[in-house]
Amino acid sequence: MKNLELAQIFYQISEFLEMKEDGFRSRAYNKVARVLESMEKDIEEIYQLGGLKLLEEIPGVGKNIALRIEEYLKTGKISEHQKLKKESPVDLEELTKVEGLGPRKIKILYKKLNIRNIKDLEKAAQKGKIGELEGFGDKSQKNILQAIEFAKADQGRMLLGQILPTVREIISNLEKLKEVEKVSLAGSVRRMKETVGDIDILAISSKPEKVMEFFVKMPEVVKIWAQGSTKSSVRFKKGFDCDLRVIKKESFGAALQYFTGSKDHNIATRRLAIKKGLKLNEYGVFKKEKRIAGKNEKEVYQSIGLSYIEPELRTNTGEIEAALNGELPQIIQYNDILGETQCHSDWSDGRNPIRKMAQEAKKLGYQYILITDHAGFLKIAHALDEKRLCKQIEEIDRINQKLSGIKVLKGAEVDIMMDGSLSIKDSVLEKLDLVVAAVHSGFKMNKEDMTQRLIKAIENKNVSIIAHPTGRIIQKREAYSFNYEEVFQAAKKNKTALEINAHYVRLDLKDTDIRQAIESGVKLTIGTDAHNSNELSLMEFGIAQARRGWAEKKDILNTRNLKDFLKYFE
DNA sequence: GCCGTTTTCGGCCCGACTGTTTTCAGTCG
């Protein structure tokens with residue numbers, strides 16, 4: 001898929017145009033780059049399907065940009081981009097990573113000091129040349145040197161699951177301050193996006209200076225980017241940035257709405273406000289000078305004609321239209337789950353015994369837990385063979401006799417072989433309550449073969465759930481290639497559920513797949529893939545993913561009680 | 001360069017913070 005490559009080029013064109021002070025054209029390219037980045041459909045497929053005409057139906061794409069896309073697909077280059085690069089041969093991708101450097105300053109640095117990349121920049125700063133430039137000073141020079149260090153160490157976006165515990169700690173520290181009346185998470189963490197660039201936190205306080213002083217002096221802070229009375233921004237030791245904004249009570253809802261984003265969602269809500277003759281900013285919704293809403297998010301949305309939109313839905317992918325028409329889904333709640341559907345015990349590669357896993361599940365308020373130790377060929381995960389699987393079945397029967405308030409279900413995670421057959425024979429699988437099947441090998445198979453492989457597994461009478469159906473690992477491994485619609489149809493027909501794997505490195509299915517699966521009539525389960533009892537709490541991330549995929553309670557099978565859950569698979 | 005229930009021309013989201021300036025441009029989100 002070339003969407004991301006193309007987006008990168010359009011971002012660069014946008015920045016080159018900004019250097020030339022062509023702001024509006026710059027913004028046009030910037031918008032298209034963002035659209036491309038978040039677009040699910042393959043741009044090449046769109047072009048092959050309907051040529052320039054269909055390209056122009058993409059928001060932000062007009063005649064000219066459609067032509068540029070065509071040029072890229074045909075030649076791998078865009079002549080406009082080449083021309084701009086020739087005019088200013090600077091490594092924009094590298095230089096814009098330095099905090100505080102944008103296109104205009106990069107232009108000055110290039111024109112005056114012939115700085116083309118980070119190396120040049122560092123040399124010039126060390127020699128003290130930058131401080132001598134007009135518009136720059138000693139402070140700028142020092143900041144640039146420090147920002148270079150951070151840019152070098154930058155690891156890009158982090159996984160939500162890696163960052164959320166720290167974020168909650170920061171929030172809890174702020175909540176303890178007597179000057180703070182209320183604290184809330186905002187930004188992409190509040191939207192539970194699977195990867196996070198930085199962290200946004202809001203607080204209500206009548207003594208903002210005190211709060212900011214505490215915030216920038218937290219022991220984990222290694223750099224203060226900015227410190228003001230309404231906004232401060234810092235870098236934490238762990239390598240991420242965090243913004244804190246202190247606001248007044250009456251604006252809290254508007255600020256929360258604004259700083260939760262997404263950016264595209266905000267632009268759309270602001271435009272809606274303008275259409276209604278209103279103004280929406282982080283301080284409220286205004287009719288002329290008069291504030292008509294802002295205290296809480298609900299009234300902000302209502303004042304511009306929308307029903308309340310849950311943070312996980314705020315991506316400007318149809319939620320605003322749905323809210324206008326009162327057609328938003330009743331998305332699943334975080335306490336709707338009644339059972340675990342995928343986890344591992346010390347029989348295979350898990351760390352805790354079955355009994356411990358069950359007790360922890362009970363603590364979480366579940367009615368059942370499906371134990372799915374690896375069974376088959378995954379020797380690296382101590383997979384069970386058929387003999388040990390039969391032994392485990394007997395063991396679970398014994399455990400169930402001793403436990404109350406939680407039912408342990410007999411399951412296994414079996415491998416889907418290259419030809420779509422399973423790694424454990426049917427006569428053994430029949431003895432289990434539910435079978436979870438997954439692809440663990442042969443990821444590079446071609447699309448047609450992989451589609452048939454998955455469908456064959458789905459059609460197996462013993463298979464109840466396909467685990468991590470696309471095989472992707474966030475930022476590490478692409479989903480394997482298959483025809484989603486054909487697989488979804490097979491899953492629907494055979495009443496085989498598809499899993500939303502809740503582990504934050506997978507989150508597979510992803511949000512857009514979930515929407516498509518539900519539209520196709522597929523039922524889903526959320527499973528944590530826990531390898532120890534603590535990881536059963538990862539369910540939160542799976543639920544968030546389901547919410548981001550517009551899933552309602554009825555779409556997720558393990559929101560059902562034990563009886564109804566099992567009934568679906570009969 | 002894109003876009004349209006005010007418009008096919010004339011708009012394009014908008015406010016805070018910094019560093020440098022002596023009233024503001026650049027950057028960021």
Side-chain angles (χ1 to χ4, degrees), chain A residues 10 13-35 55-69 80 95-109 130-144 147 186-188 196-202 208 212 216 223-234 241-247 251 254-255 257-286 304-305 316 324:
Chain A
F10 283 149
I13 293 179
S14 162
E15 278 151 6
F16 279 127
L17 291 171
E18 185 64 36
M19 285 167 83
K20 297 178 81 164
E21 309 189 12
D22 196 347
F24 289 118
R25 278 176 74 219
S26 168
R27 246 187 276 172
Y29 278 99
N30 183 280
K31 184 183 174 194
V32 173
R34 279 192 296 115
V35 169
L55 288 178
E56 282 183 47
E57 281 178 27
I58 300 169
V61 177
K63 267 206 170 57
N64 271 297
I65 290 187
L67 280 169
R68 309 246 191 277
I69 294 173
E80 174 80 5
L95 286 172
T96 49
K97 272 191 195 145
V98 178
E99 177 86 16
L101 278 196
R104 302 282 178 106
K105 283 187 180 165
I106 290 173
K107 178 184 172 187
I108 297 169
L109 291 169
I130 289 174
E132 298 165 1
L133 287 180
E134 198 176 326
F136 293 77
D138 277 352
K139 238 174 175 168
S140 301
Q141 182 162 280
K142 249 174 87 186
N143 280 337
I144 283 174
S188 55
V196 175
D198 61 8
I199 294 162
D200 293 282
I201 298 173
L202 304 187
M212 293 306 193
V216 302
K223 166 80 184 171
I224 301 167
W225 296 118
Q227 181 180 0
S229 65
T230 69
K231 178 194 163 173
S232 292
S233 182
V234 300
D241 290 341
C242 182
D243 291 355
L244 174 65
R245 293 181 159 85
V246 175
I247 48 235
S251 298
Q257 196 280 329
Y258 182 71
F259 291 114
T260 295
S262 70
K263 190 180 171 120
D264 291 334
H265 176 88
N266 282 353
I267 290 174
T269 47
R270 282 195 175 203
R271 293 197 142 185
L272 201 60
I274 292 168
K275 252 191 215 167
K276 290 185 173 291
L278 303 168
K279 190 171 99 160
L280 169 61
N281 61 25
E282 56 264 55
Y283 298 106
V285 183
F286 296 88
I304 56 172
N316 195 26
L324 269 172

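Residue numbers begin at 1 in each chain, while the letters A, B, ... track the order of the sequences.
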* To do: Please tell me if the side chains of A:Leu244 and A:Lys231 come closer than 4.5 Å, counting only heavy atoms from C-beta onward.
  => no
Quick one: [atom1] on [X] to [atom2] on [Y], what's the gap to the nearest 0.5 Å?
X	Y	atom1	atom2	result
A:Ile65	A:Glu56	CD1	CD	10.5 Å
A:Asp198	A:Ser233	CG	OG	7.5 Å
A:Ser232	A:Ile201	OG	CD1	11.5 Å
A:Leu202	A:Tyr258	CG	OH	12.0 Å

* Stacking check: are the rings of A:Phe24 and B:dC12 less than 5.5 Å apart at their centres and under 30 degrees in tilt? -> yes
* Before accepting this row, confirm whether a basic side-chain N of the pair A:Glu80/A:Arg25 lies closer than 4.0 Å to the acidic partner's carboxylate O. => yes
Atom pair distance, as rounded to whole Å: [atom1] in [X] and [atom2] in [N]:
X	N	atom1	atom2	result
A:Arg25	B:dC12	CZ	C1'	15 Å
A:Ile130	B:dG19	CD1	P	15 Å
A:Asp264	B:dG29	CG	C1'	13 Å
A:Ile144	B:dG19	CD1	C1'	11 Å
A:Lys275	B:dC3	NZ	C1'	11 Å
A:Asn30	B:dC13	CG	P	11 Å
A:Glu282	B:dC17	CD	C1'	13 Å
A:Tyr283	B:dC13	OH	P	19 Å

Is [X] close enough to [N] that one of its side-chain N or O atoms is under 4.0 Å from OP1 or OP2 there?
X	N	value
A:Thr230	B:dG15	no
A:Arg27	B:dC2	no
A:Lys231	B:dT27	no
A:Asn64	B:dG1	yes
A:Arg270	B:dC13	no
A:Asn143	B:dT18	no

* Would you say the side chain of A:Tyr258 and the base of B:dG15 hold a donor-acceptor pair, judged only by whether the two atoms sit under 3.5 Å apart? -> no
Does [X] reach a base, just sugar-phosphate, or nothing at all? Heavy atoms under 4.0 Å.
X	answer
A:Asn266	nothing
A:Ser233	nothing
A:Val61	sugar-phosphate
A:Leu17	nothing

Distance check, [atom1] atoms only: [N] and [M], in whole angstrom units.
N	M	atom1	value
B:dG4	B:dT8	P	13 Å
B:dT21	B:dT27	P	16 Å
B:dC2	B:dT6	P	23 Å
B:dT23	B:dC17	P	22 Å
B:dC13	B:dC28	C1'	14 Å
B:dG1	B:dT5	C1'	24 Å
B:dG15	B:dT20	P	26 Å

Between [options], which one does the side chain of [X] approach most closely?
X	options	answer
A:Ile65	B:dC28, B:dG1, B:dT20	B:dG1
A:Glu99	B:dG15, B:dG1, B:dC28	B:dC28
A:Asp243	B:dG29, B:dG1, B:dT20	B:dG29
A:Ser140	B:dG19, B:dG26, B:dG1	B:dG19
A:Lys139	B:dT20, B:dT27, B:dC14	B:dT20

* With both distances kept under 3.5 Å, what pairs with B:dC2, Watson-Crick or G-U wobble? -> B:dG11
* Structure fact -> Per nearest nucleotide of DNA chain B, the residue lying toward the 5' end, A:Ile224 or A:Ala28, is A:Ala28
* Could you say whether A:Ile108 or A:Lys279 is positioned toward the 5' end of DNA chain B, judged by the nucleotide with the nearest heavy atom to each? => A:Lys279
* Do you know which of A:Arg68, A:Arg34, A:Glu18 makes side chain to side chain donor-acceptor pair (under 3.5 Å) with A:Tyr29? -> A:Arg68
* Asked: Taking A:Asp264 for the side chain and A:Ile267 for the main chain, is one N or O donor matched with an acceptor at less than 3.5 Å?
  -> no
